[in-house]
Amino acid sequence: MCVNFVTRSIEVFDCEGLRHPGAVEPFTVLISRIVKPVQSSKSRQHHVKQYTVLYASMPFLLNKSSSDCGVYALKHIECHLLGLDFSLVNDNNIREARQKIAYDLWEAAIDPILIERMEKFTLPKTISSALVELE
């Protein structure tokens with residue numbers, strides 16, 4: 001899912017082009033409740049509108065191998081962020097995309113600067129409070 005806070009929409013990507021209203025629709029209500037507390041006090045007084053759901057159009061018979069959905073999902077997010085057309089990614093080049101992702105992960109895993117930063121990483125302090133049930 002890609003959440004667009006400007007257009008108040010959620011774009012859903014599914015390799016098989018299926019719709020999942022039972023899983024997605026509750027999120028449209030929840031995201032509004034998550035965002036409202038961090039809005040400015042002036043905006044907070046307004047009624048928070050529910051986000052709309054858009055389903056990414058999928059080419060027919062995409063992911064023929066049924067084993068590349070994760071790669072397609074990552075590439076969908078990448079295309080979305082870079083403003084590229086998702087039709088650039090298809091079954092003819094998904095294997096190379098998978099290999100490129102694996103290579104990039106390997107390079108990151110052996111990067112001495114990244115390793116040093118990870119060694120120095122400390123968890124941020126969190127505020128503990130009782131759980132609140134949302135309606």
Side-chain angles (χ1 to χ4, degrees):
M1 293 190 298
C2 292
V3 179
N4 187 324
F5 296 107
V6 176
T7 63
R8 302 184 66 79
S9 63
I10 300 169
E11 184 176 9
V12 179
F13 170 81
D14 183 277
C15 286
E16 296 175 351
L18 301 175
R19 295 177 181 257
H20 304 278
V24 177
E25 294 301 328
F27 188 73
T28 64
V29 175
L30 183 62
I31 191 72
S32 298
R33 292 183 180 187
I34 292 170
V35 171
K36 188 171 183 174
V38 296
Q39 289 178 325
S40 69
S41 57
K42 188 187 295 184
S43 300
R44 220 178 287 160
Q45 296 169 353
H46 300 295
H47 176 69
V48 178
K49 186 177 88 174
Q50 184 173 325
Y51 280 55
T52 57
V53 177
L54 309 168
Y55 287 90
S57 60
M58 302 306 308
F60 184 67
L61 290 176
L62 184 70
N63 194 22
K64 291 177 197 164
S65 71
S66 298
S67 63
D68 291 316
C69 196
V71 179
Y72 274 111
L74 286 173
K75 288 311 213 175
H76 178 261
I77 292 168
E78 183 179 21
C79 287
H80 189 77
L81 289 172
L82 297 174
L84 300 172
D85 189 84
F86 185 64
S87 65
L88 296 171
V89 184
N90 55 55
D91 282 347
N92 294 331
N93 61 18
I94 198 66
R95 181 176 177 184
E96 289 80 10
R98 175 185 288 278
Q99 291 170 346
K100 174 77 167 86
I101 291 168
Y103 178 79
D104 290 345
L105 289 171
W106 172 255
E107 286 292 307
I110 61 172
D111 182 336
I113 295 170
L114 182 60
I115 291 169
E116 180 184 354
R117 287 181 181 169
M118 292 303 291
E119 288 172 349
K120 293 178 181 178
F121 177 77
T122 57
L123 290 172
K125 293 184 174 149
T126 58
I127 300 170
S128 60
S129 62
L131 292 176
V132 176
E133 289 293 324
L134 297 177
E135 297 172 7

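Everything numeric here is computed off the predicted structure, so don't read it as measured data. The basis for the numbers below is simple: all heavy atoms, side chains too, and nothing from hydrogens, waters or symmetry mates.
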Task: Interatomic distance, Leu81 atom CG to His76 atom NE2 [nearest 0.5 angstrom] - done: 10.0 Å
Open item on the list: I need the Lys75 NZ to Lys100 NZ distance, nearest 0.5 Å.
Closed with: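 Output value for this atom pair is 7.5 Å.
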Open item on the list: With a 4.0 Å cut-off on N to O distance, would you call Glu116 and Lys120 a salt bridge?
Closed with: yes
With a 4.5 Å heavy-atom cut-off, do [X] and [Y] have their side chains touching?
| X | Y | value |
| --- | --- | --- |
| Val89 | Ile94 | yes |
| Glu78 | Leu74 | no |
| Tyr55 | Asp14 | no |
| Asp68 | Arg98 | yes |

Open item on the list: How about CD1 on Ile110, more than 12 heavy atoms from neighbouring residues, nucleotides or ligands closer than 6.0 Å, or not?
Closed with: yes
Would you kindly confirm whether [X] and [Y] end up in one hydrophobic cluster when ILVMFWY residues are joined by side chain heavy atoms under 4.5 Å apart?
| X | Y | value |
| --- | --- | --- |
| Phe5 | Ile10 | yes |
| Tyr72 | Leu105 | yes |
| Leu54 | Val3 | no |
| Met118 | Ile115 | no |

Task: Tyr51 side-chain N/O to Phe27 backbone N/O, donor-acceptor pair under 3.5 Å - done: no
Task: N/O donor-acceptor pair under 3.5 Å between Asp104 side chain and Glu107 backbone - done: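 Pair absent, no side-chain N/O of Asp104 close to backbone of Glu107.
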Open item on the list: According to side-chain contact (heavy atoms from CB on, under 4.5 Å), who are the partners of Leu88, at least two apart in sequence or on a separate chain?
Closed with: Leu84
- [ ] Under the side-chain contact (heavy atoms from CB on, under 4.5 Å) rule, collect the residues that match up with Pro26, sequence neighbours excluded.
- [x]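 side-chain contact (heavy atoms from CB on, under 4.5 Å) check on Pro26 returns nothing, list empty.
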- [ ] Write down the atom of Asn90, the atom of Asn92, and the distance for their closest heavy-atom approach.
- [x] OD1-N, 2.8 Å
Task: Derivation of the side chain to side chain contact (heavy atoms under 4.5 Å, CB included) call for Glu25 and Val53 - done: CA-CA 8 Å; Glu25 294 301 328; Val53 177; 3.8 Å; yes
TODO: Please work out which of the three classes, parallel, tilted or perpendicular, describes the rings of Phe86 and Phe13, given edges at 30° and 60°.
DONE: perpendicular
